[in-house]
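One structure is given below, encoded as structure tokens.
Starting from 1, each residue takes its place in the sequence as its number.
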Amino acid sequence: MSPMASSSKRALLLLLAVLLHGCCGLPAATVHGGRAAAAGSPVMEERFRRWKAEYNRSYATAAEERRRFRVYARNVAYIEATNAEAAAAGLTYELGETAFTDLTNQEFAAMYTAPPPLHADEDDEDAPAVITTRAGQVDAGRRLPAYANVSDGAPASVDWRDSGAVTPVKNQGRCGSCWAFSTVAVVESIYQIRTGKLVSLSEQELVDCDTLDEGCDGGISYRALRWIADNGGITTEDDYPYTAATGDCDRAKLSHNAVSIAGLRRVASRSEAALANAVAAQPVAVSIEAGGANFQHYRKGVYNGPCGTKLNHGVTVVGYGQEPGGGDRYWIVKNSWGEGWGDGGYIRMRKDVAGKPEGLCGIAIRPSYPLM
């Protein structure tokens, strides 16, 4: 077969996989060395059985299991066809099976992303940095270095995991509380940087008690940081455990403050250089657009899209770096979908994208971090 014919065949397989991925009820096929394994084949059934065992998945009825098997098979077909054409499509990452391979993309986005609350200040994304405490505005006390870009003196790479400043990846479950996880993550990190003690703090206290945000219906990290500052702090995860549901605020625990912050700072919007300056000093909470099929199935590599800037997910930037040999620059992003997604719960996202001051997926639009 000529190279042109082979390329055309691969493109046709990719198109077929995309069509299968977006529909409900059609049989799927998985490409194995040029042969297709149908959704009902023993090969695919065994693969599904292993996947269920790995992710401890079971279903209430036989009908539901059959439905999830069909979804799984379509997703596997999409994953393998996309990977086969990754180089031709300019993708710098790989897809793979995750904890979400039995969900349609529509189900996944509805369960694991959330829009900002209705009363969010959508028109103030470009506002100057804001610092608040219970006593009102204060001076930051510690200014970030005024690097124009990393070549002017900021570290060429940073990974706060290496210094023990990042807690293990957590799992928000089927609750739109990503904003609480990114908020708590940056408070945990700055506390460790200041004291040397890494303490897991309570996302549930924010979900239940933060009146500036909307619990499982969404929120914004800079508002949650403001709430923590006004409350005088936040308690531990052990004291106020996570339930993956919005509940009544346990007001008796509002004074159980294990960690307090002096306020917050919002990083200059739409500037990856400003974001890098902030991350060089401490992890930073950001919002991104997530939820697309490739994001759902991301496994490893430097993610370079597709995605837009309709911010619907809060995550934490815990560092940045560059591929060997002067390759792609990337952000190291901690997610809250458990270790069964992505690269152990993390994603590396393309950094310094030409012509995109907002950054890939809008990562530089709404960054913020706490002051301590």
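For the pair Asp328 (side chain) and Val302 (backbone), a donor-acceptor distance under 3.5 Å is absent.
Remark: the Asn312 side chain and the Glu289 side chain contain no N/O donor-acceptor pair separated by less than 3.5 Å. With hydrogens and angles left out, the side-chain atoms of Asp102 and Tyr59 include a donor and acceptor closer than 3.5 Å. No hydrogens or angles considered: nothing links the side chains of Glu205 and Thr235 as a donor-acceptor pair under 3.5 Å. For the 3.5 Å distance criterion, the side chains of Glu97 and Tyr72 qualify, holding a donor opposite an acceptor. Side chains of Asn294 and Tyr78: a donor-acceptor N/O pair is present below 3.5 angstrom, by distance only.
In summary, of the residues considered (Leu360, Ile363, Ile365), a side-chain contact (heavy atoms from CB on, under 4.5 Å) with Thr309 occurs for Ile365 alone. Test Ser287, Ser182, Ser368 against Ser221 for side chain to side chain donor-acceptor pair (under 3.5 Å) and you get one pass: Ser182.
Arg68 has no carboxylate O lying under 4.0 Å from a charged side-chain N of Glu65, or vice versa, which leaves the two without a salt bridge. With salt bridges taken as basic N to acidic carboxylate O contacts below 4.0 Å, none links Glu107 and Arg174. Contact check on Arg348 versus Asp343 returns no salt bridge, with no Lys/Arg side-chain nitrogen under 4.0 Å from an Asp/Glu carboxylate oxygen. One finds no salt bridge joining Lys52 and Glu45 here, because no Lys/Arg side-chain nitrogen approaches an Asp/Glu carboxylate oxygen to under 4.0 Å. Residues Lys356 and Glu272 are not paired through a salt bridge, judged by the lack of any N-O separation under 4.0 Å between the basic side chain and the carboxylate.
To the nearest 0.5 Å, atom OH of residue Tyr369 and atom CG of residue Leu275 are 11.0 Å apart.
Considering all non-hydrogen atoms of both residues, Thr98 and Tyr298 come closest at CG2-O, 3.8 Å.
A heavy-atom distance below 4.5 Å is not found between the side chains of Asn171 and Glu339.
Taking the ring axis of Tyr320 as reference, the NZ or CZ atom of Lys351 stays within 45° of it and closer than 6.0 Å to the ring centre.
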